[in-house]
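So the structure is just underneath, and the comments pick up after that.
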Protein chains: 2
Amino acid sequence: MPDIDVFAALANPARRQLLGLLLDSGPLPVQQLAAQFAMSRPSVSEHLKVLKDAGLVGERKAGRQRYYELRPEPLRDLTRWLTPYERFWREKLGNLRTLLDEEGDPASHD
Amino acid sequence: MPDIDVFAALANPARRQLLGLLLDSGPLPVQQLAAQFAMSRPSVSEHLKVLKDAGLVGERKAGRQRYYELRPEPLRDLTRWLTPYERFWREKLGNLRTLLDEEGDPASHD
DNA sequence: TTGACGGGTAGGAGATCTCCTACCTAATAT
DNA sequence: ATATTAGGTAGGAGATCTCCTACCCGTCAA
């Protein structure tokens with residue numbers, strides 16, 4: 001149980017995409033996940049392992065498949081870490097900018 | 001101008017600590033920052049470069065010193081990325097937790 | 001039972017990261 | 001002018017990351 005840093009786990013775009021898939025579609029077996037990537041199935045397995053070590057996904061066996069499911073709790077650490085910076089940028093940008101940006105920006109996806 | 005991923009920039013603990021120092025103490029020259037670390041000054045410089053490429057710090061010259069200052073704006077991308085997961089865990093954890101957290105939400109930005 | 005399928009693990013190649021010491025330039029100080 | 005100080009850059013060693021192909025075991029189907 002290496003207990004990997006959630007920041008490190010999120011550093012890789014493929015892993016963020018895996019989380020996104022699990023968020024959008026619920027629990028999925030490895031093959032369904034791997035089908036979304038150009039890379040090999042074993043590589044996807046390794047990314048899933050990193051996510052599991054970070055506590056970001058759980059796995060449950062069903063016959064010969066393993067369903068991976070999102071476990072978003074560790075992301076709360078990220079949110080907590082972010083909080084003081086969020087306060088800082090609100091002060092910095094001021095009310096005008098805050099109002100303008102609040103809903104108008106296109107969210108970038110990974 | 002590699003335009004580095006903010007996730008990648010935050011993957012390293014030393015870089016997160018640098019951001020924390022700048023958050024707590026405001027703009028600081030490299031030496032003041034480097035003094036907080038076991039590592040060499042040039043290594044700190046390299047970390048600052050990564051943060052600068054990610055848009056997370058800015059630098060301004062003052063004589064022979066360079067003051068680095070926090071630029072938290074790119075962290076908004078992180079917050080945006082986090083939003084759907086936050087919604088997910090609120091649902092998952094249930095109402096009790098939601099009610100407890102709700103008060104921490106700064107809804108009062110007239 | 002035998003085969004096919006789902007998926008983890010091993011080992012390794014190549015890229016990238018993280019740190020170092022040397023060295024360089026620009027700016028102040030004597 | 002010369003020495004000192006702040007700090008960036010070069011180049012490299014060693015660790016880690018990311019991907020691959022092979023191979024393994026467990027589960028289901030014939």
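Each chain gets a letter, A, B and so on, in the order the sequences are listed, and its residues count up from 1. Keep in mind it's a predicted model, so treat the numbers as computed, not measured.
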Can you check the [X] [atom1] to [N] [atom2] distance for me, whole Å?
X	N	atom1	atom2	result
A:Asn12	D:dT16	CG	C1'	13 Å
A:Gln17	D:dT18	CD	P	14 Å
B:Leu18	C:dC19	CG	P	11 Å
A:Gln65	D:dC28	CD	C1'	11 Å
A:Arg41	C:dT9	CZ	C1'	10 Å
A:Leu10	D:dC17	CG	C1'	16 Å
A:Met39	D:dT18	CE	C1'	9 Å
A:Lys49	D:dC19	NZ	P	16 Å

Is any side-chain nitrogen or oxygen of [X] closer than 4.0 Å to OP1 or OP2 of [N]?
X	N	answer
B:Ser43	C:dT18	no
A:Ser40	D:dC20	yes
A:His47	D:dC17	no
B:Ser45	D:dG7	no

Backbone N or O of [Y] within a donor-acceptor pair of the [X] side chain at under 3.5 Å?
X	Y	value
A:Tyr67	A:Gly58	no
B:Tyr68	B:Leu19	no
B:Arg15	B:Leu10	no

Any donor-acceptor pair under 3.5 Å joining the side chain of A:Glu46 to the base of D:dC20?
yes
Between the base of C:dC5 and the side chain of A:Gln31, is one N or O donor paired with an acceptor at under 3.5 angstrom?
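Between C:dC5 and A:Gln31, which were checked side chain against base, a qualifying N/O pair under 3.5 Å is absent.
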Closest nucleotide among [options] to the [X] side chain:
X	options	answer
B:Arg64	D:dT4, D:dT27, D:dC20	D:dT4
A:Arg66	D:dT27, C:dG7, D:dT5	C:dG7
A:Pro29	D:dC20, C:dG8, C:dG7	C:dG7

What is the nucleic acid contact for A:Tyr68, judged by heavy atoms within less than 4.0 Å: base, sugar-phosphate only, or nothing?
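Result for A:Tyr68 = sugar-phosphate.
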Using a heavy-atom cut-off of 4.0 Å across all strands, would you classify B:Pro42 as base, sugar-phosphate, or nothing?
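Base, at least one base atom sits under 4.0 Å.
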Nearest heavy-atom neighbours spanning A:Ala9 and A:Ala54:
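In this case the closest contact between A:Ala9 and A:Ala54 is CB-CB, 3.7 Å.
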Step-by-step side-chain contact (heavy atoms from CB on, under 4.5 Å) determination, A:Leu33 to A:Leu22
CA-CA 9 Å; A:Leu33 292 167; A:Leu22 295 177; 3.9 Å; yes
Map B:Val30 and A:Val44 onto DNA chain D by nearest heavy atom, then report which one ends up closer to the 5' terminus.
B:Val30
